[in-house]
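Quick caveat: nothing in here was measured; it's all calculated off a predicted structure. Sequence lines set the chain letters: A, B, ... in the order given, protein chains first and strands last, and positions in each chain run from 1.
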Amino acid sequence: MALKIYNSYSRTKEDFIPITAGHVGMYVCGPTVSGESHLGHARPYITFDVVYRYLTHLKLKVRYVRNITDAGHFEEEGREAEDKVSKKAQLEKLEPMELVQKYTNLFHWAMLQFNCVEPSIEPTATGHIVEQIGMIEEIIRAGYAYEVNGSVYFDVKKYAASHDYGKLSGRIIDDLLETTRELDGQEEKRDRADFALWKAAPAEHIMRWKSPWGEGFPGWHIECSAMATKYLGKEFDIHGGGMDLQFPHHESEIAQSTICNHVSPVKYWMHNNMITINGRKMGKSYNNVIKLTELFSGNHPLLSQAFHPMTIRFFILQSHYRSTLDFSNDALIASEKAFKRLWEAYEVLKKLSPEGRPASADTEAESKIRGWLGELESFMDDDFSTPKVLANLFEIAPLINSLKDGILPADAISSETLLNLKEQFRVYLEEIFGLCNPDGSNNERLQSVMQLLIDIRKEAKANKDFVTSDKIRNQLTAMGIMLKDEKDGTTSWGLA
RNA sequence: GGUCCUUUGGCCGAGUGGCUAGGCAAAGCUCUGCAAAAGCUUCUACAGCGGUUCGAAUCCGCUAGGGACCUCCA
C-alpha cells in the first residue's frame, strides 16, 4: 500500500499498514449533543468522511465508528442553569433526552447536507454505561484508579511511572503534575493531573446512573475507550479528531485502554487542525462561532449571503486538514465561485462524447491531461492532499471547456483519455470528495419550461427583437437563473 | 510561565533544497446584437536579519508578529 498517513503519535508520515489485511477500524470523536454544531465542527466530519471514502476507494473494508456524546453535565444553549427544574411540573422540566434528541437530529441533518457517509456504527455514551462501568472496575482492579466520595479518578502519576503519559500531546509529565489550577473536584484528587473516570452526581444533576460507587455519570474520556474497544477491538487502526482533543482527551484514552487491554489502542492517530476566524480559533469559549444553520441561511452579521453546504465542503477540502483554515465571508465567496466553475466543467465533461476521437493522440492536451490525472492518486496517498488534487482538476477544466467550444479540435485527445477523464472526475469529485450538484435543478417540468423560454428568446433574437430577448434573460437573471449562449448557437442555463 | 505550531503575491491557499501549484479579485484581448459564460494573456510572492550550500520560500540560528494546547473544546 502506497498510502502514507501523518501519525500524531510519532509526528511523522508513516506507511499505512492495516492491522488486519484488507480491513480498517476507524474511530472518530463525534459531537457533544448539548448544542448546535458550528463551522469548526464541520471540519473533522468532512475530513474523516474523505478519509473513509478514500480508504473505501482503495478497496479496504472500513468499519467507521463515530460516537455521540450524550452524557455529562448538560445545559441547553441560552437557558439558565436547570438546577431548579425539579420543582416544576414534569412537562416543564428539561428532559435530558429531549435535549439530546434535538441536537442529535440537527447534527444528522447537517451531515446529510454535507453529503457525509453515515458511519458504520454510531454509538451513544448513554447506551454504553455498562461497558464504561466495566472498564472503570477493571482499572481499579489493576490499581490505577481510586474512589473518593463516590467519584473515581485515574491515577496519572502511577501510570506515568511505567508508561508514556504525555507522548501523544508532547507533554512533560512533571509539568503536568506541577500545573497549578483550581478545578472542580481538585481537592478529591490525589494529584492535579488525575482525571475523572466517574463523577458522583450532585443532588440537582439530572443525568445520573447507578454504579458501584453510587449514582453519578461517566467521565468524558472513558466513553471513547469503552466504545472503541467494544466495536473495534483492543487495537485498531485509525483514531481521528480535532487537534484540541489531543490533550487531555486522547492522551487519557490511551492510558485507560492501555491499562484495561494491555496494549496501546491506536496505530495511527490523526488530528485535523482548527478553523479560525480573524486568526483565532473558532470556539464557543471565544464567542466567535458561526453555526451551520447560520451559514446555510446567511443569517449572521459576518455573512453577506447564504452558503450552500457544498461550498463549505469545498472550502474545507481546498486546504490541507493539518493546516489551520481561516474563515471569512470573502473566502467562502471565492470557494463558491471556484466550486461552481469546477462543477460546471464536470457537467460539460459528462456531455463530451468519445465518438469521433482517435484511438490515440500525440498532442499537448493529451499528455497534459494524462500527466495531471496520473498524479491524483499519489496526492491522496500523501496524507490526503486534497488541495493538490483540486489544483490538478482545475488545470484540466480549461481544456474541457476548450474541447466543448471547439477551440481544441475533437482529435486533440483520444477517446480512451476522454473516458478516463470522465471516470477520474467522477471518482474524485463525487466518490472520494463527496461533492454533489449544488443547484438541484433536475426537475423535468422546470427543464421543459426553461426550454420553452429559451426557444422563445431564440426566435426573438432571430427577429432582432432584442427587447423581448433581453427581457427574458434579465428577468431570469433576477430570479437567479443564468443563460449561457454557447458557441454552437444553443443556449444552456444554470443557477447563478 | 511551560510545550508546540505558524508567518507565502490585493485576498484565500498548496509547496520542504534547483523545474513560476491552484482558486478568488484585477487588467487587456477573442467570441457575442449587447451581455454573461468560456478561452487566451498579464500580475513571479515567500516576516526581518544572519548562517549552511554551487543553489533556500524550503535547512540552521537570532529577532519580530500571530496562534494552539496546558481547563470544557472539532
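- The side chain of A:Tyr45 lies closest to B:A74, out of B:A74, B:G22, B:A14.
- Using atom C1' as the reference point in both B:A57 and B:C46, the two lie 4 Å apart (nearest Å).
- A distance of about 9 Å separates the C1' atoms of B:C43 and B:A27, rounded to the whole Å.
- Each of B:G33, B:A74, B:C70 was ranked by its minimum atom distance to the side chain of A:Arg473; first place goes to B:G33.
- Checking B:C31, B:G39, B:C72 against every side-chain atom of A:Lys487, the shortest atom distance belongs to B:C31.
- Between the A:Gln318 side chain and the A:Pro387 main chain, no donor and acceptor come within less than 3.5 Å of each other.
- Mapping A:Gly40 and A:Lys464 onto RNA chain B by nearest heavy atom places A:Lys464 at the nucleotide closer to the 5' end.
- At a threshold of 4.5 Å between non-hydrogen side-chain atoms, the residues A:Phe425 and A:Ile396 count as touching.
- Comparing B:C72, B:A74, B:A36 against the side chain of A:Met482 picks out B:A36 as the nearest.
- Checking B:A37, B:C69, B:G15 against every side-chain atom of A:Lys388, the shortest atom distance belongs to B:G15.
- Rounded to whole Å, the separation between the P atoms of B:G65 and B:U8 comes to 16 Å.
- Here the separation of B:C24 from B:G13, taken at their P atoms, is 15 Å to the nearest Å.
- Of the residues near RNA chain B, A:Ser319 and A:Asp485, the one whose nearest nucleotide (by heavy atom distance) lies more toward the 5' end is A:Ser319.
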